[in-house]
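Atoms within each ligand, like the ligands themselves, are counted from 1 in listed order.
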Amino acid sequence: MKRRKEEELDARIDLFRRRIKDANDLKVRDDVFDTRTLMNLYYLSKKGYVEALGGSISRGKEANVFHALGRGGKHLALKIYRVATSDFKAMQDYILGDPRFRSVKGNKRSLVNAWTRKEYRNLLRAEEVGVRVPHPYAVRENILVMDFVGTDGAAAPLLREVALEGEEAERAYRRIADYIVLLHNRAGLVHADLSEFNILYDGEPVLIDMGQAVTLDHPNAMEFLKRDISNLVRFFRERYGIGSEDDIWSRIASEEKDAQMERGS
Ligand SMILES: Nc1ncnc2c1ncn2[C@@H]1O[C@H](COP(=O)(O)OP(=O)(O)O)[C@@H](O)[C@H]1O
Ligand SMILES: [Mg+2]
């Protein structure tokens, strides 16, 4: 009986392997799709989250992002963290200060898995307070399944790749500033890698890449918040001549006061 199951699993994994061979180049195939990752993909397909894997959208320092199709042909993005070639040291600094992940073991695979789960949770938490992010559907070890931001399978451009005109630049700036304030004051989170490289624009800004986002009790939370705010203002100042750090800081402070009053303290 066990035998049969294993054979079936092997066959499914082979199927993914062949599809991946068609869709992606050798390099991607070898260091992203180890057998364990293929099994995770198989699991996600069996559960109905993923029906087909598409082409590669991006290869970053720690993860690859792929286009995929879900139930009913829905467009999805799959972010697959690499276990073999991810920057273990850098990840540790962001995970060890987070009380949600205190029990994470010190080996690389469990750290990468915790990191992926952390991104999933951060996206959900951001969404709950009204920050626009790709909705995360599922997480399985090193694979995150989320909404695809774009149209007809073409990914939306990054904020840095679009030229916004007058009013639109104002609106985008204000929206992103709102998101920083909401994240801090309502979700208790700091994005910690916010810049024009981690914001997609499909008519409005969408924040992505939240694996490194930290809770406010992280020892470097304030430093990260400062960096996020200055990145945002620097970009909009240089390109559009708008934006003010003081403005964002005073909103963080005043809304914090409102929240304290609501709590009656
Ligand atoms: N949900 C998504 N929909 C469409 N494209 C995405 C999505 N998530 C990521 N991407 C694309 O993949 C790239 C890398 O994703 P990101 O989460 O920033 O990973 P990294 O950690 O490698 O920077 C992004 O710049 C964007 O172009
Ligand atoms: Mg990124």
Between [options], which one has a non-hydrogen atom sitting closest to [atom]?
| atom | options | result |
| --- | --- | --- |
| atom 17 (O) of ligand 1 | Q212, H75, K79, E62 | K79 |
| atom 27 (O) of ligand 1 | I199, L200, V206 | L200 |
| atom 20 (P) of ligand 1 | D209, L78, V65, D147 | D209 |
| atom 3 (N) of ligand 1 | V149, L207, D202, L158 | V149 |
| atom 22 (O) of ligand 1 | G150, S56, G60 | G60 |

- Under 3.5 Å donor-acceptor, R59 side chain and N64 backbone: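 Not a single qualifying donor-acceptor pair exists.
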- Output yes when a side-chain donor or acceptor of H184 lies under 3.5 Å from a complementary backbone atom of L225, and no otherwise. no
Would [X] and [Y] count as having a side-chain donor-acceptor pair, cut-off 3.5 Å?
| X | Y | result |
| --- | --- | --- |
| N122 | R100 | yes |
| E168 | Y173 | no |
| N107 | S110 | yes |

- Quick one: look up the protein heavy atom nearest atom 11 (C) of ligand 1 and list residue, atom name and how far away it is.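 Protein heavy atom at minimum distance: I57 CG2, 3.9 Å.
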- atom 24 (C) of ligand 1: which protein heavy atom is closest, and how many Å away? I208 CD1, 3.6 Å
Report, in ascending order of atom number, the atoms of ligand 1 lying under 4.0 Å from any heavy atom of [X].
| X | result |
| --- | --- |
| S58 | 12 (O), 13 (C), 14 (C) |
| A77 | 1 (N), 2 (C), 3 (N) |
| P134 | 1 (N) |

- Protein N, O or S within less than 2.8 Å of the Mg ion (ligand 2), waters excluded: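 Those protein N, O or S atoms (cut-off: under 2.8 Å from the Mg ion (ligand 2)) are N198 OD1, D209 OD2.
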- Could you tell me which residues satisfy ring-ring contact (aromatic ring centres under 6.0 Å, His included) with F224, sequence neighbours excluded, listed by chain and number?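 Expected list: Y94, H218.
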- Message: Taking atom OH as the centre, does Y49 end up with more than 12 heavy-atom neighbours from other residues, nucleotides or ligands that are less than 6.0 angstrom away?
- Response: no
- Message: Tell me whether ligand 1 is touched by M146 - counting only heavy atoms on the residue side and a distance under 4.0 Å.
- Response: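 True for this residue.
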- Message: Closer than 4.0 angstrom, basic N to acidic O: yes or no for R251 and D178?
- Response: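 Here R251 pairs with D178 in a salt bridge, since their nearest N and O are under 4.0 Å apart.
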- Item | Lys/Arg-Asp/Glu bridge criterion (N-O < 4.0 Å) met for R132, D202 | yes
- Query: Less than 4.5 Å apart, any side-chain heavy atom of L144 and any of Y137?
  - Reply: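 A side-chain contact is absent here, since even the closest heavy-atom pair is not under 4.5 Å.
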- Item | Nearest heavy atoms of R82 and G60, plus distance in Å |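 R82 and G60 have their closest heavy atoms at NH2-O, 2.9 Å.
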- Would F66 and F33 count as a close aromatic pair, with their ring centres under 6.0 Å? yes
- Task: Output yes when the distance from some N or O of ligand 1 to some N or O of N198 is under 3.5 Å, and no in every other case.
- Result: yes
